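I am attaching a structure below and will ask some questions about it afterwards.
Here the structure is a predicted model, which is why all the values come from computation and not from measurement.
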Amino acid sequence: MQVLLVVFVGIGIGEGNTGVIVNACIALGVTFAPAALEREYDLPMDAGLTLWVCSAVFLHVLGTVGVPGLVESFYGEGSPLPFYDHVTHALSASVVAATGYTVVRAVEEHTDTVSLPPRFTFVFILMFVLAFGVLWEVVEFAVSGAATLVGGGSVLTQYGIEDTMLDLVFNTVGGVVAAVWGTAHLTDVASALTRRLDGARRRDAGE
């Protein structure tokens, strides 16, 4: 994936496409994040979690680039895979939900003043994903509008109200998947983050 993302950066440079360049560079940076988190913070990022995170950003960039000479883009009208946008949104939303779950679970284990029942945690994850999804759509709209005003290429593209509503629906699907799956597969990461928080608290207290 990293090699292909470097290729995508090159394609973006060759085509003078700012959106592809920026998206590919950000995605490439994200693919190094799991190893960095494990190395610097001792968070157990196994192969499955790493593949999950990297697939989300890789598929997004692939959708933007398409297949040179065959498919201009997997997004928007004319895409040979009209469901592609929904899949990438659901996958990205599941990563966002997993991040929210991990942080909330770590905070809950770190302090006795916070106690979240499982049902509330499930609802919180869904609300977290929906709020992030709405924020993302607003950012997409703002970036697209700014690009139109200045006459340049847009890093993010808005495809209309109907597409936005479907994006939010599939964001919810991704949130549900992470909320159900996260309790079983993200516990070790949350526990490791809790230990980091406990260690920081002890250092601050001079223990």
Side-chain angles (χ1 to χ4, degrees), residues 1 23 26-60 85-142 156 164-207:
M1 288 183 188
N23 280 288
I26 292 175
L28 184 61
V30 171
T31 62
F32 288 100
L37 289 172
E38 187 167 30
R39 182 179 62 253
E40 301 296 333
Y41 300 101
D42 295 324
L43 299 183
M45 302 295 294
D46 60 32
L49 288 175
T50 301
L51 180 62
W52 180 24
V53 173
C54 294
S55 295
V57 294
F58 175 80
L59 290 176
H60 168 65
D85 184 32
H86 308 322
V87 172
T88 57
H89 266 274
L91 185 58
S92 298
S94 68
V95 174
V96 171
T99 302
Y101 168 81
T102 302
V103 172
V104 168
R105 181 65 184 273
V107 170
E108 182 183 15
E109 292 183 2
H110 172 66
T111 175
D112 295 331
T113 60
V114 177
S115 178
L116 303 178
R119 290 183 179 180
F120 179 82
T121 303
F122 184 89
V123 173
F124 171 81
I125 292 174
L126 290 184
M127 294 300 101
F128 181 79
V129 168
L130 287 174
F132 187 89
V134 170
L135 177 62
W136 180 261
E137 296 298 331
V138 171
V139 170
E140 278 190 349
F141 179 81
L156 300 172
T164 297
M165 294 300 101
L166 284 173
D167 286 347
L168 294 177
V169 169
F170 281 91
N171 285 348
T172 305
V173 172
V176 170
V177 171
V180 172
W181 179 81
T183 54
H185 297 275
L186 294 170
T187 301
D188 290 343
V189 181
S191 297
L193 183 57
T194 300
R195 290 193 293 272
R196 295 287 303 185
L197 293 173
D198 291 342
R201 181 177 61 183
R202 286 194 294 270
R203 286 194 298 272
D204 291 340
E207 296 179 6

**Request:** Enter the distance from D42:CG to L193:CG here, rounded to the nearest 0.5 Å.
**Result:**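 Going from CG on D42 over to CG on L193, the span is 11.5 Å.
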
**Message:** If you compare all heavy atoms of P44 against all heavy atoms of V189, which two are closest, and at what distance to 0.1 Å?
**Reply:**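 It is O-CG2, 3.7 Å.
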
**Asked** side-chain contact (heavy atoms from CB on, under 4.5 Å) between M165 and L168: does it pass, once the steps are laid out?
**Response** CA-CA 5 Å; M165 294 300 101; L168 294 177; 3.9 Å; yes

**Prompt:** Of all residues at least two apart in sequence or in a different chain, which pass the ring-ring contact (aromatic ring centres under 6.0 Å, His included) check with F170?
**Reply:** H86

**CA sep, side-chain torsions, deciding dist, call: L130, T172, side-chain contact (heavy atoms from CB on, under 4.5 Å)** = CA-CA 7 Å; L130 287 174; T172 305; 3.0 Å; yes

**Complete:** Residue set satisfying side-chain hydrogen bond (donor to acceptor under 3.5 Å, both in side chains) with S92, at least two apart, ordered chain then number -> none

**Message:** Could you work out, with side-chain contact (heavy atoms from CB on, under 4.5 Å) as the rule, every residue matching F132, not counting sequence neighbours?
**Reply:** V96

**Message:** Let me confirm one number: the CG-OG1 distance from D188 to T102, rounded to the nearest 0.5 Å.
**Reply:**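 Those atoms lie 10.5 Å apart.
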
**Asked** Of all residues at least two apart in sequence or in a different chain, which pass the side-chain contact (heavy atoms from CB on, under 4.5 Å) check with L59?
**Response** L62, Y84, T88, L91

Would you be so kind as to tabulate the donor-acceptor pairs closer than 3.5 Å made by side chains of residues 27-39, with sequence neighbours excluded?
from, atom 1, to, atom 2, distance (Å)
T31, OG1, Q2, NE2, 3.2
T31, OG1, L28, O, 2.6

**Complete:** Of all heavy-atom pairs linking A98 and W52, the shortest is CB-CH2, 3.2 Å

**Request:** Output all residues satisfying side-chain contact (heavy atoms from CB on, under 4.5 Å) with M1, sequence neighbours left out; order by chain, then residue number.
**Result:**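 Expected list: L51, C54, S55, F58.
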
**Request:** List for me each residue that meets side-chain hydrogen bond (donor to acceptor under 3.5 Å, both in side chains) alongside T194, sequence neighbours excluded, and say none if there are none.
**Result:** E109

